[in-house]
Amino acid sequence: MTQDKKITKTQELIYSLRVKDVMSTDIVTVSPSNTMNELKEILRIRRISGTPVVEGKQLVGIVGIDDLIRCLSNGEMDATVGEKMSKKVETLCADEPLANAVNKFEQYGFGRFPVIERNHGRLIGILTKGDVVKGLLTRLEIAYHTEEFRYNNSINPVFDNIAMDKTNFHFQYRVDSRDFNVAGESINKLKKILSQIGFPPQIIRRVTIAAYEAEMNMIIYSYGGHISVSADQQHIILEACDAGPGIPDIEQAMRQGFSTAPVWVQELGFGAGMGLPNINKCADTMELKSEAGKGTHIKAVFNTTNGDGV
Amino acid sequence: MKKKGGNVTLSEVKEILDATVFVGEEKLDMEVKTAFSADLMSDVLAFAKEHSLLLTGLTNPQVVRTSDMLDIAAIILVRGKTPPEETIRLAKELNIPLLSTRYILFETSGRLHARGIVGCIEKVPLGEMT
């Protein structure tokens with residue numbers, strides 16, 4: 001990959017990524033009724049230099065270490081945050097392109113911006129320069145791996161020179177966030193390989209459906225990740241790991257018909273809240289681990305010793 | 001005329017539906033017994049069975065991808081949809097017949113059912129309703 005190409009990819013990313021894709025959702029806030037003394041403790045314990053001020057769920061101000069220092073020197077530590085905060089807050093909207101955020105950091109010289117949801121004005125996250133850099137690096141790494149995978153693929157058709165049997169194979173590929181164009185391509189290869197190896201068609205069908213559902217979820221909801229399929233004596237194991245943002249409520253996500261898919265995904269006929277339940281249905285056992293802000297890890301196991309299933 | 005339990009060839013399907021064949025002219029002698037109708041790919045993935053016809057109003061390439069995953073016999077686009085170029089290309093590449101009929105989904109399903117093609121499942125299993 002040349003230097004020029006990297007720059008282009010970064011530029012492309014800051015326009016295609018939205019603020020909500022990279023912001024932190026683990027936010028420390030204070031209420032206007034907190035005292036400056038309490039604020040001091042919160043900042044000290046959480047090791048931060050400022051927080052948004054929230055009343056109900058509405059963002060009403062922002063207060064930082066400079067306000068605190070002013071109160072300290074004036075002996076006003078019993079004053080409330082509501083009296084001392086800045087009421088004029090510069091915010092970012094969750095759906096703004098990252099490029100706008102980068103400009104705003106430059107324009108105002110602030111270290112952080114509260115992120116609000118455009119429709120109801122509620123605070124849903126916070127964006128620091130660190131979040132931007134971290135978000136970009138994650139995407140660039142994924143993009144790099146994808147390119148590497150495609151490059152390797154184009155010279156060496158997958159696994160042509162590797163001995164494979166039912167207990168010894170490993171298939172892995174990267175999945176890019178929002179990249180619908182190549183969705184299912186790798187699974188088509190996987191399907192062929194599984195069938196060459198000689199697994200029963202019913203098993204192959206269940207594995208490919210589960211992999212496809214996992215890939216779709218990753219494309220729609222995640223920052224990207226990878227899917228791997230391997231086998232041992234009695235099982236095929238499908239694993240799907242993504243780089244976040246994670247599922248806040250797993251029980252809800254596992255319920256059929258529950259979906260947070262955006263309209264453009266639904267227009268393609270997906271996002272009906274069937275994905276996770278369908279993976280569960282296809283697999284003999286399924287484990288789902290997810291942590292908001294971290295990522296999601298799905299492990300689906302298919303018994304290969306009895307060929308029945310869906 | 002109603003056929004009982006007999007298979008119907010794709011070429012008969014084409015005739016019944018007065019359909020245009022975009023891909024798979026050479027596979028028209030293929031026989032089908034079952035079908036699934038939906039505009040929701042999520043449901044197709046959850047409920048459609050192999051070797052069935054897929055009747056749908058969606059025309060994006062993911063319809064072909066999904067059909068490939070499920071070993072769908074052929075895709076019938078309803079309501080007179082013309083598939084985009086990429087969808088035709090992918091159907092050719094994956095060797096899945098792609099037809100289009102001007103009948104609406106209800107009529108398409110009804111006409112095929114009357115000729116002996118049945119649902120690939122009748123109802124979704126209990127406890128899988130959304």
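Any value given below was found using the heavy atoms of this structure, including those in side chains, with hydrogens, waters and symmetry copies removed. By convention in this document, chain letters (A, B, ...) are assigned in the order of the sequence lines, proteins followed by strands, and residues within each chain are numbered from 1.
To the nearest 0.5 Å, atoms OH (Tyr212(A)) and CG (Leu45(B)) are separated by 6.5 Å.
Sorted by first then second residue, the salt bridge (charged side-chain N to carboxylate O under 4.0 Å, His left out) pairs that include residues 74-84 of chain B, not counting sequence neighbours, are Asp39(B)-Arg79(B).
By a heavy-atom distance cut of under 4.5 Å, Leu58(B), Asn60(B), Gln62(B) are the residues of residues 52-63 of chain B near chain A, going up by number. Proximity to chain A at a heavy-atom threshold of 4.5 Å picks out Asp68(B), Met69(B), Leu70(B), Asp71(B) from residues 67-77 of chain B, in numerical order.
Under the 4.5 Å side-chain criterion, counting only non-hydrogen atoms from C-beta, Asp43(B) is in contact with Met274(A). Side-chain contact check for Leu40(B) versus Phe270(A): every heavy-atom pair is 4.5 Å or farther apart. Two residues are said to be in side-chain contact when any heavy atoms from C-beta on lie closer than 4.5 Å; Gln266(A) and Met41(B) fail this criterion.
Shown here is Arg178(A), whose CZ atom has more than 12 heavy atoms of other residues, nucleotides or ligands within 6.0 Å. The number of heavy-atom neighbours closer than 6.0 Å to NZ of Lys191(A), taken from other residues, nucleotides and ligands shown, is above 12.
Judged by distance alone, the side chain of Asn278(A) and the main-chain N or O of Ser42(B) form no donor-acceptor pair under 3.5 Å.
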Donor-acceptor pairs are to be reported for all side-chain atoms of residues 215-225 of chain A against protein atoms at under 3.5 Å, with residues two or more places apart or in another chain.
unit_1: Glu215(A); atom_1: OE1; unit_2: Tyr173(A); atom_2: OH; d: 2.7
unit_1: Glu215(A); atom_1: OE2; unit_2: Gly184(A); atom_2: N; d: 3.0
unit_1: Tyr221(A); atom_1: OH; unit_2: Ser259(A); atom_2: OG; d: 3.4
unit_1: Tyr221(A); atom_1: OH; unit_2: Ala261(A); atom_2: N; d: 3.4
unit_1: Ser222(A); atom_1: OG; unit_2: Met218(A); atom_2: O; d: 2.7
unit_1: Ser222(A); atom_1: OG; unit_2: Gly224(A); atom_2: N; d: 2.8
unit_1: Tyr223(A); atom_1: OH; unit_2: Asp21(A); atom_2: O; d: 2.6

